[in-house]
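These notes concern the structure reproduced below.
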Amino acid sequence: MKALEERILAEGKILPGPVLKVSSFLNHQMDPDLMMVLGAEIAQRFQAEHVTKILTIESSGIAIAIAAGAHMHVPVLFAKKHRTSNVSGVLYQTLVHSYTHGTDYTVVVEREFLKDSDRVLIVDDFLANGAAVEGLCDLIRQASATTVGAAIAIEKGFQEGGKKLRDAGMRVESLAIVDQMDENGIRFRQA
Ligand code: 5GP
């Protein structure tokens with residue numbers, strides 16, 4: 001998506017990792033107009049899938065998930081980061097490895113919000129190695145619900161997540177795919 005790519009080029013900063021910092025419009029300060037444009041694009045791409053629920057992970061995925069949910073008129077559920085893994089039977093839980101922090105954390109959703117009849121679209125801000133999306137898939141699996149795919153704002157195409165998920169048969173739609181980011185700048189995969 002041109003609007004997102006232009007914004008990344010204008011304001012993105014490359015940190016060691018490599019991590020793409022987009023704190024001026026997505027990860028800290030947020031641009032609501034851009035979020036709504038991204039949400040509309042996600043809704044359009046998945047309109048034939050009869051999505052009943054969007055699932056994201058706190059906190060950076062929530063804004064774009066809300067924008068997509070507003071366009072699709074479906075509820076948005078976010079997996080909450082949980083301090084301990086000792087939780088009761090009212091929750092589904094899974095362990096996720098954080099790419100940006102290098103640690104593992106537990107995420108949970110309340111069972112009452114994820115039903116076996118749900119057709120769930122996963123939404124997140126970034127896709128790197130795929131751990132966050134895989135964790136969300138695991139929660140959906142525990143609920144015996146259906147994953148219709150994943151919609152991602154920015155995929156880092158030079159990391160393995162996108163290939164791994166697509167090879168496993170998942171539909172992954174990324175609004176911008178960064179194939180290279182280094183001292184020579186940022187390059188996007190052409191559609
Ligand atoms: P994965 O689980 O696919 O390895 O990483 C995705 C998660 O890590 C996203 O939810 C996002 O919060 C974070 N992340 C991974 N790479 C980046 C990056 O380059 N920039 C930012 N801001 N977050 C990232």
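Note that ligands are numbered from 1 as they come in the structure, with each ligand's atoms numbered from 1 the same way. The first residue of the sequence shown is numbered 1, and numbering continues consecutively from there.
Two residues are said to be in side-chain contact when any heavy atoms from C-beta on lie closer than 4.5 Å; Q142 and D138 meet this criterion.
At least one test fails for R119 against the ring of F46: distance under 6.0 Å to the centre or angle within 45° of the axis.
Under 4.0 angstrom from ligand 1, the non-hydrogen atoms of V19 come from both its backbone and its side chain. Contacts of K156 with ligand 1, taken as heavy-atom pairs under 4.0 Å, involve the side chain alone. No part of S60 comes within 4.0 Å of ligand 1, judged by heavy-atom distances.
In this structure, K53 contributes its side chain and F113 its backbone to a donor-acceptor pair below 3.5 Å. The main-chain N or O of E58 is found under 3.5 Å from a side-chain atom of K81 such that the two form a donor-acceptor pair. Looking only at distances, a side-chain donor or acceptor of K156 sits under 3.5 Å from a matching main-chain atom of P18.
Among protein heavy atoms, atom 22 (N) of ligand 1 sits closest to N27 OD1, 2.9 Å. In terms of protein heavy-atom proximity, atom 23 (N) of ligand 1 is closest to F126 CD1, 3.5 Å. Remark: minimum distance from atom 15 (C) of ligand 1 to any protein heavy atom is reached at Y99 CD2, 3.5 Å. Residue, atom and distance of the protein heavy atom nearest to atom 11 (C) of ligand 1 are D125 OD1, 3.6 Å. In this structure, atom 4 (O) of ligand 1 lies nearest to the protein heavy atom N129 N, 2.8 Å.
Considering backbone and side-chain atoms together, A132 places an N or O closer than 3.5 Å to an N or O of ligand 1. Looking at A131 next to ligand 1, an N or O pair under 3.5 Å apart turns up. Between H97 and ligand 1, not a single N/O pair is under 3.5 Å apart. For A128, a nitrogen or oxygen atom sits less than 3.5 Å from a nitrogen or oxygen atom of ligand 1, counting backbone and side chain alike. The shortest N or O to N or O distance between L20 and ligand 1 is below 3.5 Å.
In K164, the NZ atom is crowded: over 12 heavy atoms of neighbouring residues, nucleotides or ligands sit closer than 6.0 Å.
Proximity of G130 to ligand 1 is established by a heavy-atom distance of less than 4.0 Å.
Residue T100 holds the heavy atom nearest to atom 24 (C) of ligand 1 of all those in V22, T100, L26.
Every atom of ligand 1 is numbered from 1 in the order shown, and the set under 4.0 Å from a heavy atom of D124 is 9 (C), 10 (O).
Side-chain heavy atoms closer than 4.5 Å link hydrophobic residues (I, L, V, M, F, W, Y) into clusters, and following such links, possibly through other members, connects L34 to V123.
A salt bridge is defined here as a Lys NZ or Arg NE, NH1 or NH2 lying under 4.0 Å from an Asp or Glu carboxylate O, and R187 with D179 fails to meet this definition. The pair D118-K115 does not meet the salt-bridge criterion, since no charged nitrogen lies less than 4.0 angstrom from a carboxylate oxygen.
The CG atom of L139 lies 8.5 Å from the CG atom of L77; values are rounded to the nearest 0.5 Å.
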